[in-house]
Structure formats: structure tokens, C-alpha cells
Amino acid sequence: MRLPLPRTTFGLVALVSLSLAAAALLLGRFVHYVAHEALEVQLDRRIDGETRSLIGAFDQGGRPALVVAVTARENSSGASDMGYLLVDHANRRLAGRLRSEVPSPGWREFLPIGDEAHEVAQALTTRLTDGSTLVVAANRTPIQEIDAAISRMLFVIVGIMMVIGIGGAWGLGAVVRRRLNRINATAQAIIAGDHTSRVPHGVTDGEFDRLAQNLNRMLDRNAELLENLRQVSSDIAHDLRTPLARQQQVLESALAGAHDPIEYRRAIETAAGNGREILDLFAALLRISEIETLDIRSTFVDVDLSEVIERVTDAFRPDVEVAEHRLEIDISPDVRVYGDARLLAQLLVNLIENGVRHTSRGTTILVRLKPTEDNVILLVADNGPGIPSEDRDKVLRRFARLEHSRTTPGYGLGLSMVAAIARAHFASLKLSSAEPGLAVEVELSRSAVDMQPARP
């Protein structure tokens, strides 16, 4: 059965503080016990030493020498906390001023002495050979005072710890609640429809600031996905209007004007072509969505990127030359990366097709692969018209087409798929000017260990 734990920050910190106070109390009691026993041993050794010294005097000079020795001990200023009693076989006092009954031989830990009930001594009683009895005692008041002082100090320390712990719990709970309230306020604002709201944070590298930064990155990503969804929905409706209108026109024309099987067949073939075009569009969209789920990363392996690029460029060279373009390659051998060979090949195919489709005849397309100290750089550049700097982010979105590209075939999905493949490989994608023309640079990681999520 699991013990119920506090549900609030204050409760958790208070529980920790109480646990520390309990641990301090147990540790204090242990220290108290050890110190007490050490004092007891020290007192016993002192009593035993005094007893041995007096018995030595008795062995040398008999009872008279012992009486002299006891009297000398009591008159000594160094033995003010010691008590002595020497009685004969009939319990008549022979020497010593210890006010106590004669205990039985052996150790007695609490021997009442004096007139005060709280005054006790630790005593050793010894029966001598002549029938007399020697009692040597030491006052236990210093030990009792030290015990009381340690106990008071222990309870004061535990009390201070509890006060500090509860105060710290309240203060920490207030800080945590204030930070969490910021996150809750941002969440409530987003729920209410303000998708631009973000969690405020400082510039430190504290846990809450890192959490706020990561939450903001997540919210930025969600906002980007929502914007992509809105854009895709709008663009699908817009871009499908043309093929669907053509489809509708072909079918209505066949219904209204076709008079023989040949005309019907032509209309059906045209409609089938339009249908395949629409299916290809949806297939491309589904492929991009599949890549953006990032589940494809489970298939990543070590890939010879040099071999992949050589294979793609060899296959595309005839089509590039037929389109009256030039294809130049500069590939470093045996460059390996961690990823999916089919996706990397698709990335290069889309970039080459983009260069062929949107540049005029005679344009040179350069494919370069070079390793750096940590990563690998794949560059596809052309000397065509290029893309204005303000439109370079736009062309990476689905269905994005610039004005001068409206007359060319396609739906504006090529570079958006390139962006999705780069994101799946934790690669950075940069579009820049080739002076003239467009340069697309993809920086890939060499191994799985080096792959980290790209920061916005």
C-alpha cells in the first residue's frame, strides 16, 4: 500500500524539512548517547584510579596510612568534586566526609549524597582485608548538567530547523507557484485562442527558464503546424480547383457533345489523366506528412552519401541535358551520414528538378558534397534567376509558388518535401544567393550520436 504524499509544493518541501528535522533529532540523540557514555567512562576511570591509589597506601602502611591518605585527598583543592568514606567492620566512620550510607561492595551509579535529593554520585565500594570498607565517589552533577545542555541545544537546533524548513517551504512554494502561474496563464491564453502567447522567462540557465524556453519552442512548433494546416487547407482548396474544374468541364462536354464511342473514350482518358494528377498531388502530400511525423527516423542507418549522389546524378544527367542544362558534380568520396538513403536521394532529386524546372536553357546546376570537421555539406546551386531573399522562407511551405513559376507544371511541393526531409535528419537547410542564382545548402550529421534537434 502506497503512502499518500502531499500534492502541493509547500507540502512536499515541508515533508522534506520534517524528515530532515527528524534525521537531525535522531543524529543528535546518537551524539548525546556517545558523549554521555564517554563522560561515564571518564568518571569511572577517575574513581578507579583514586581507589587503586588509596588501596596502594593501605597495602604499604595499613589502616593508619589509608586514613592519612583519605584526609589528604579531601583537603586537596583538586578533589573538590570527589567524596571519600572509610568505615571499620562495625560501620564506624574512620575517615572521610562523604555523607551517604555505606553501599554494598562494587559499583553504584546513583548514590545519594548530601541533603539535596538531586545530588547523586558514582561510587566504587571496596572491602579491605582488615574488614574495613572504602568508598570512593564522584559527583555526577557535571554529567547531568552536560546532558541537560546537550538536550536543550538539540531541541533548539531541531526547532530552528523546523522553523527554517517551514519558512523555506513557504518561500519555495511561493516561488514555484508564481512560476507555474505564468505557465498556467499562458496555457489559459492559448486555450482562449491567443496562439501568440508565450511563457515569460529570464536570461539565466535555471530549470524554470529552460522549461519556459522549451515550452515556447514547443508552442512555436505547434503554431507553425497550425499555420501549415491552415495554409494547406486553403492551398488544397485553391490548387485542386483547377484540375477539378477541368475534370468537370471534360465530363460535362462529353455528356453534352459526345456522339460516338471514340469521343466518349477520349473524354474518359482525359478525365483519367486529371484523376491521376489529383492522386499524385495527394500522394505527395501524404508523403510529406509521413516524413514530418518523424517516425521515419527508426529506419535510419549509416549511408554512403557519395554513392547515393553519384547514382542520382548519373540517372538525371540525360534528362538535364535534354532540357539543355548543364550538370556539374563535385563529390568527395566515401562521405557517410546517418539517415535514410531513399529520402536523401529524393531530397537531391527535388533540388535538381527545381533547378531544371525554374531556370532557363543553358543554366548550369552544380551538385557539391564536402565533409567538414563535424558535419557534411550538400550544396545544389544554379546560375539562374534565383529567389528574392524575402521569398526564401515562403517557398519552403506547401503549394508555395512565386509569380514567375505559375506557368510551369507542378504544385509547389518540391522544396517543402526537401524541408521535411532535412528536418527529419536534424539537418539545417539554408537558401541563399549563388550570385547569380539560388544556392541550397543542407548540413547533415555524420552519426546518430551527433544528431540533435535543430533549434529554431
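Distance alone, capped at 3.5 Å, is enough to place a donor-acceptor pair between the Asn216 side chain and the Val199 backbone. Remark: side-chain polar atoms of Ser332 are not paired, donor with acceptor, to backbone N or O of Lys370 under 3.5 angstrom.
The number of heavy atoms from other shown groups lying within 6.0 Å of CZ (Phe30) does not exceed 12. Under a cut-off of 6.0 angstrom, the local environment of NZ in Lys430 is sparse, with at most 12 non-hydrogen atoms contributed by other residues, nucleotides or ligands.
Shown here are the side-chain hydrogen bond (donor to acceptor under 3.5 Å, both in side chains) partners of Asn139, two or more places apart in sequence or in another chain: Thr141. Applying the side-chain hydrogen bond (donor to acceptor under 3.5 Å, both in side chains) criterion to Ser53, with sequence neighbours excluded, gives Arg73. Listed by chain and number, the residues in a salt bridge (Lys or Arg N to Asp or Glu O under 4.0 Å) with Glu109 amount to none (sequence neighbours excluded). In this view, Glu353 satisfies the salt bridge (Lys or Arg N to Asp or Glu O under 4.0 Å) rule with no residue, not counting sequence neighbours. In this structure Asp194 satisfies the salt bridge (Lys or Arg N to Asp or Glu O under 4.0 Å) test with no other residue, sequence neighbours excluded. Judged as a salt bridge (Lys or Arg N to Asp or Glu O under 4.0 Å), and not counting sequence neighbours, Arg317 has no contacts. Scanning for side-chain hydrogen bond (donor to acceptor under 3.5 Å, both in side chains) contacts around Arg368 gives Asp330, with sequence neighbours left out. With sequence neighbours left out, Arg52 forms a side-chain hydrogen bond (donor to acceptor under 3.5 Å, both in side chains) with Asp48.
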Counting only pairs under 3.5 Å, give me each side-chain donor-acceptor contact of residues 339-351, with atom names and distances, residues two or more places apart or in other chains.
{"residue": "Asp340", "atom": "OD1", "partner": "Arg342", "partner atom": "N", "Å": "3.0"}
{"residue": "Asp340", "atom": "OD1", "partner": "Leu343", "partner atom": "N", "Å": "3.0"}
{"residue": "Asp340", "atom": "OD2", "partner": "Thr299", "partner atom": "OG1", "Å": "3.2"}
{"residue": "Gln346", "atom": "NE2", "partner": "Asn350", "partner atom": "OD1", "Å": "2.6"}
{"residue": "Asn350", "atom": "ND2", "partner": "Gly414", "partner atom": "O", "Å": "3.1"}

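Remark: Met162 CE to Ile164 CD1 distance equals 12.0 Å, nearest 0.5 Å.
Of all non-hydrogen atoms in Arg361 and Ala323, the two that sit nearest each other are CG-O, 4.0 Å. Heavy atoms only, all atoms of each residue included: Ala35 and Ile150 are closest at CB-CD1, 4.1 Å. Here the shortest heavy-atom pairing between Leu438 and Ser432 reads CD1-O, 3.5 Å.
Between Phe300 and His425, the angle of the ring planes stays under 30°, which puts this pair in the parallel group of the 30/60° scheme.
Applying the salt bridge (charged side-chain N to carboxylate O under 4.0 Å, His left out) definition to pairs two or more places apart or across chains, those involving residues 300-313 are Asp302-Arg336, Asp304-Arg336, Glu307-Arg311. For residues 21-32, the pairs satisfying side-chain hydrogen bond (donor to acceptor under 3.5 Å, both in side chains) are Arg29-His32, His32-Asp147, with sequence neighbours left out. Applying the salt bridge (charged side-chain N to carboxylate O under 4.0 Å, His left out) test to pairs two or more places apart or on separate chains, those with a residue in residues 30-40 are Glu40-Arg140.
Side-chain contact between Asp319 and Ile352: absent, with no pair of heavy atoms (C-beta onward) separated by less than 4.5 Å. Thr363 is not listed as a side-chain neighbour of Val356, based on a closest heavy-atom distance of 4.5 Å or more.
Each of Val380, Leu429, Asn354 was evaluated against Val418; a single residue qualifies, Leu429, per the side-chain contact (heavy atoms from CB on, under 4.5 Å) test.
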